[in-house]
Amino acid sequence: MKKKEKLKLISSEKLAKDTVELVLRNDYISRQAEPGQFVHLALAHHTLRRPISIAETDQTAGTVTLLFKIVGEGTRLLASLPVGTEIDALGPNGNGFPISKLKTGDSVLLVGGGVGVPPLYFLASALKKQGISVQSVLGFQEKAAVFYEAAFQELGETQIVTNDGSYGHQGFVTDVIKENDSTVCYYSCGPLPMLAAVQKKLKHKQGYLSFEERMGCGIGACYACVIPTKEETSYKKICQDGPVFAASEVIL
Amino acid sequence: MKKKEKLKLISSEKLAKDTVELVLRNDYISRQAEPGQFVHLALAHHTLRRPISIAETDQTAGTVTLLFKIVGEGTRLLASLPVGTEIDALGPNGNGFPISKLKTGDSVLLVGGGVGVPPLYFLASALKKQGISVQSVLGFQEKAAVFYEAAFQELGETQIVTNDGSYGHQGFVTDVIKENDSTVCYYSCGPLPMLAAVQKKLKHKQGYLSFEERMGCGIGACYACVIPTKEETSYKKICQDGPVFAASEVIL
Amino acid sequence: MIDLSVDLPGLSMKNPVMPASGCFSFGREYSEFYNLNKLGAVIMKAATGNERQGNPTPRVAETASGMLNAIGLQNPGVEKIVETEVPFLAQYAVPIIANVAGSTIEEYEKVATVLNKSANIAAIELNISCPNVKEGGIQFGTNPSMAKEVTRRVKAISRFPVYVKLSPNVTNIVEMAKAIEEAGADGITMINTLTGMKIDLATKQPLIANKTGGLSGAAVQPIAIRMIYEVSQAVSLPIIGMGGIETAEDVLEFLLAGADAVAIGTANFNNPLVCPEVIADLPEVLKQYGFSSVKEAVGKAHSV
Amino acid sequence: MIDLSVDLPGLSMKNPVMPASGCFSFGREYSEFYNLNKLGAVIMKAATGNERQGNPTPRVAETASGMLNAIGLQNPGVEKIVETEVPFLAQYAVPIIANVAGSTIEEYEKVATVLNKSANIAAIELNISCPNVKEGGIQFGTNPSMAKEVTRRVKAISRFPVYVKLSPNVTNIVEMAKAIEEAGADGITMINTLTGMKIDLATKQPLIANKTGGLSGAAVQPIAIRMIYEVSQAVSLPIIGMGGIETAEDVLEFLLAGADAVAIGTANFNNPLVCPEVIADLPEVLKQYGFSSVKEAVGKAHSV
Ligand SMILES: Cc1cc2nc3c(=O)[nH]c(=O)nc-3n(C[C@H](O)[C@H](O)[C@H](O)COP(=O)(O)OP(=O)(O)OC[C@H]3O[C@@H](n4cnc5c(N)ncnc54)[C@H](O)[C@@H]3O)c2cc1C
Ligand SMILES: Cc1cc2nc3c(=O)[nH]c(=O)nc-3n(C[C@H](O)[C@H](O)[C@H](O)COP(=O)(O)OP(=O)(O)OC[C@H]3O[C@@H](n4cnc5c(N)ncnc54)[C@H](O)[C@@H]3O)c2cc1C
Ligand SMILES: Cc1cc2nc3c(=O)[nH]c(=O)nc-3n(C[C@H](O)[C@H](O)[C@H](O)COP(=O)(O)O)c2cc1C
Ligand SMILES: Cc1cc2nc3c(=O)[nH]c(=O)nc-3n(C[C@H](O)[C@H](O)[C@H](O)COP(=O)(O)O)c2cc1C
Ligand code: FES
Ligand code: FES
């Protein structure tokens, strides 16, 4: 049986411009979560829940880390919750990044943009544990928006790209990643235009993309969050079949 | 110019069954308030404000006391606010109990029912200061609902009536008050049936009644809170012309 | 410098924000909270041929993000309004819109005739969300031919521009708008309230004495936006939009949908200062979304 | 002991609460949260003649105390539903109601014909809030004669009781109810969503890809209550009421207004357990307000 869980807020910290990291306690979600999955959070006086990816878990402490950008009412409210608040959550929801086929020694490429970066951090640390080496290319709008750089550096070679060049390479992640390198596959999460550009540039490489869409139920029952796919059953649900899909399977 | 004020919650205490007393700090309202007036309180995520009578003021401390019964969402929310909360309030609104015509030495009758009692307490202390003696008859549903008895006793002879007889006299306030006594006039606040009964029983005595009605604006602009009167201009507004009216002028 | 000014038939306004009819009485109460000169215009409470007592109480009820009201057009009658209320508002440099109501076409005509005597009125707003007693109580505002007829007759009499206030309680709002456009209306105000009901569990009866009441407030905003979006592309009349506005962002949404100006009703009750606050915030919000004037934003959501 | 049972044409239910169509898919997802045997009934997602992809995204938007949706009837087609979905739900001892949609009367007839093959369906719900492509896209549900015709034709074919789902986007809801009653409907479900729109200030375009969407949730409850109150006194058909229900108190309000049973839609998204929780709370709430059964409360708000 799936359950509605209570996430107890342990710490809330501003990591970058409009970017907040929450650490929450819940043994069940901490244990169950896989990289790429999300929690669906209820907020007082809001009809719809807010989906947020899991950025990290600490199973010994029984905690889950979320990192989000303040873009509207709900995220503003989330950012303002005092430590100790219990947040009503569904999750972990969806299917994470498939990594079972990878072999020790393999090297993979992670391409993240903005708030698409957090789930990749969870993925990177999981891969590291399995002896798989990661190369990361992380894109941000500007220096003030950059976060998790040091954490990624610890897990492997990491390049930062900012659109305005105020930090790291100037431009887009696709200016930095190469069609051919030693990596066996790639994993990407970020804004739709970035995912499309990455999918195009790395079309000869196997890859997996994580998508966002406005959601209702978050569990597969309302058909709000669909994405067109190449199979003739066409539309798939991001909240249930995704949010991660094979780059080869979806139409952007 | 009228202002929107912030009432800072200093203490919140349960005085009787479902009955809560709030002490709030606001110099302006504390100084302006007259017995019988009310404040109109805004509550988060509620379209309409909640009108609550002023039960007491302490001008030196700059505080206002409110006493209310939990009957629904809004009062439940009010009762749950933590000390320190700033409550958005309009007021003091309406016209209070007319007492200017009273002379030192006069004796008056106060008849209160349930949450109609608080404004009478504010009135009693004001009268006492002017050297006017008060006799009070206060009705409650049951012993568990009784509050402010000692406070009223200090200000004058006070009789408590409970509908179920679990405390004081058994019955209704109208079973206790007398058509003819030494008082020059009466002031009454409580549920409509009680006010009607009091008005009927004391029809030969000059009196003033304080009314409740569902309100919109609370300042006289929406015509939600009207009461029929004997003048041909008929309807008057409880929030603006009242909440106190001469017993002789209104039709119940 | 952001240009907030708006020019509509009879209304040259310094900004697009005005209080909605029935939520502002005749301005006296709110004038104690702020200088009414800040407003773009004022819409007065409904005027009828003779004094009306309105409905018994309770007249209002709270609902989720909204409220129900059934005031019942209580007002002192048009003569008295012209004598005592219009002069008060005339002290301010703000166009005055008179809301006209009635239960027969003749009553609408009478009110319009009396209003003609006033030097200080800028326009009238025809409140057609009233039952027509001669037509078995069908609302003028829910029947295109009745709406057309009352508009034509009042337009023939009034010396002021006539804005017709549309009721949202209809199957086809565009058909209603076209009907009153053909009848010669100078503008549209929309939306009036949606008919609703709340039942008091304790008494087991409708909470509002009139049983049904008009739903207003943030809850109805998506319906107002949809109807304004449709109507503004179907007729060429200017639109004063309303329905749930609480913030300057809401105002911008109404402008994008096709409203030329806006009115704020219910929100005045929770915040008596909402009109001047929204007016003060509007320039910054317009700027933030790339507009240098109110006019520029009007209808920008329409498919190009 | 409070009696929650309700008996309606084709539906003998242990309690009056069921999930609303389109908010529960075909039950699989919610069956992972609780045992569906707790439900009074289940209404399946809309079925059309062939598979439908539905609308582009975004398909939903949040509004004040409500939401907009424009899913566009995405479904695998009635054949597939009968083969793969009905059998899943048939494992539970809960009556299954099939929601029937189409863009022509012929499509409604086809869906009804295919459903006849299923042994496990208890009733069908005619979703007439669909545009009729042959009639220039006018919604069946906003035109009495079209609603009457589609009801009559489906009723002639279906071996199941037919409940017609009324659209609130009409001037006269009673006229619609009478039309489908004359056409032989066995019951009414109401209300469907109100057509609304939200504009995204950032893009300056309607937020929902379909531009307009259906408004649902607590915001619409006063409109649902008013319409049920009117319809239940004008026709003799049983009513399954819906529109904003979130609590057992809300359920009681619908019963008092005249609903015989209720459906919960939008509230499932915020609380996947809302149906079993409301069912669990209902006896206490009925008792608190002096009722010993659901049946006793039905229509108690009607003027005596
Ligand atoms: C699977 C998934 C994982 C996500 N993970 C993260 C994350 O780790 N960090 C992060 O910062 N953001 C993440 N997002 C985006 C995040 O859900 C939105 O930023 C958030 O819902 C905005 O809510 P709001 O009330 O602040 O904005 P508003 O615009 O006020 O929200 C209004 C409505 O739109 C929805 N909405 C608005 N933007 C989005 C969006 N981009 N995606 C989905 N729904 C949206 C909201 O949920 C709400 O229902 C994720 C989205 C999805 C679908
Ligand atoms: C002038 C005046 C003075 C008052 N003084 C006091 C007081 O000192 N102590 C006290 O306990 N109560 C007082 N009341 C009653 C108090 O306003 C209501 O009990 C309160 O508004 C209920 O709000 P709620 O959200 O808890 O109840 P709900 O029933 O959830 O409220 C729903 C709506 O109905 C309105 N409402 C419900 N009951 C009443 C009522 N009896 N009068 C007016 N509006 C109502 C609410 O304001 C709200 O708009 C006074 C009312 C008025 C008009
Ligand atoms: C208490 C109240 C009284 C109203 N009286 C009138 C009226 O007299 N004439 C009229 O045309 N509209 C009247 N309305 C409707 C409003 O003018 C406005 O059209 C509607 O409330 C939607 O706007 P809002 O959501 O900002 O309130 C009234 C609304 C309320 C809440
Ligand atoms: C996401 C969503 C999808 C819906 N799909 C359907 C549908 O396929 N068929 C239908 O008849 N009603 C559909 N509805 C309407 C609901 O069944 C219900 O009538 C309406 O939402 C009001 O109830 P509520 O406020 O409890 O949601 C849908 C509603 C929502 C929110
Ligand atoms: S959000 Fe409901 S199906 Fe994905
Ligand atoms: S509450 Fe608006 S006039 Fe009294």
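A note on names: the letters A, B, ... follow the listed sequences, proteins ahead of strands, and every chain is numbered from 1.
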Item to check | Side chain, backbone, both or neither of Q240(B) within contact of chain C (heavy atoms, under 4.5 Å) | outcome: side chain
Checklist entry - Given a strict heavy-atom distance threshold of 4.5 Å, which part of T266(C) is in contact with chain B: side chain, backbone, both, or neither? => result side chain
Checklist outcome for this item: Assert top hit (heavy-atom pairs under 4.5 Å, partner chain B, pool T63(C), N268(C), N271(C)) equals N271(C)
Item to check | Option that, when pairs with chain C are counted at under 4.5 Å, heavy atom only, ranks first among C217(B), G220(B), G74(B), A221(B) | outcome: A221(B)
Checklist entry - Under 6.0 Å from the CZ atom of F172(B), do we count more than 12 heavy atoms belonging to anything else shown? => result no
Checklist entry - Between H45(B) and chain C, which part of the residue has a heavy atom less than 4.5 Å away: side chain, backbone, both or neither? => result neither
Next on the checklist: Using a 6.0 Å cut-off, check whether atom NZ of K69(B) has over 12 heavy atoms from anything other than its own residue.
Outcome noted: yes
Item to check | Minimum heavy-atom distance between N270(C) and A42(B), given as atom pair plus value | outcome: OD1-CB, 4.0 Å
Next on the checklist: Donor-acceptor pair, distance only, cut-off 3.5 Å: does the side chain of E62(C) make one with the backbone of T47(B)?
Outcome noted: yes
Checklist entry - Just wondering, more than 12 heavy atoms not from Q141(B) lying within 6.0 Å of its CD? => result no
Item to check | Atom NZ of K201(B) with >12 non-hydrogen neighbours under 6.0 angstrom | outcome: yes
Checklist entry - chain B heavy atoms under 4.5 Å from A61(C): which part of the residue, side chain, backbone, both or neither? => result backbone
Checklist entry - Within 45° of the axis and under 6.0 Å from the centre of the six-membered ring of F269(C), does NZ or CZ of R50(B) qualify? => result no
Checklist entry - Are K4(B) and F33(C) in a cation-pi contact, defined as NZ or CZ under 6.0 Å from the six-membered ring centre and within 45° of the axis? => result no
Checklist outcome for this item: Of all heavy-atom pairs linking Y223(B) and S25(C), the shortest is CE1-OG, 3.5 Å
Next on the checklist: Shorter than 4.5 Å, heavy atoms on both sides: which option in L90(B), D88(B), I227(B) has the most such pairs with chain C?
Outcome noted: L90(B)
Checklist entry - Okay, side chain of N69(C), backbone of A224(B): is any donor-acceptor separation there less than 3.5 Å? => result no
Item to check | Shortest non-hydrogen separation from V226(B) to T57(C) and the atoms involved | outcome: O-CG2, 3.5 Å
Item to check | Which portion of N75(C) sits near chain B, non-hydrogen atoms under 4.5 angstrom | outcome: neither
Next on the checklist: Donor-acceptor check, side chain of R214(B) to backbone of V60(C), threshold 3.5 angstrom: yes or no?
Outcome noted: no
Next on the checklist: Within the 4.5 Å heavy-atom criterion, are E29(C) and K237(B) side-chain neighbours or not?
Outcome noted: yes
Checklist entry - How many angstroms lie between OH in Y34(C) and NZ in K2(B), if you round to the nearest 0.5 Å? => result 13.5 Å
Next on the checklist: Counting heavy-atom pairs closer than 4.5 Å to chain C, which one of H40(B), K3(B), R49(B) comes out on top?
Outcome noted: R49(B)
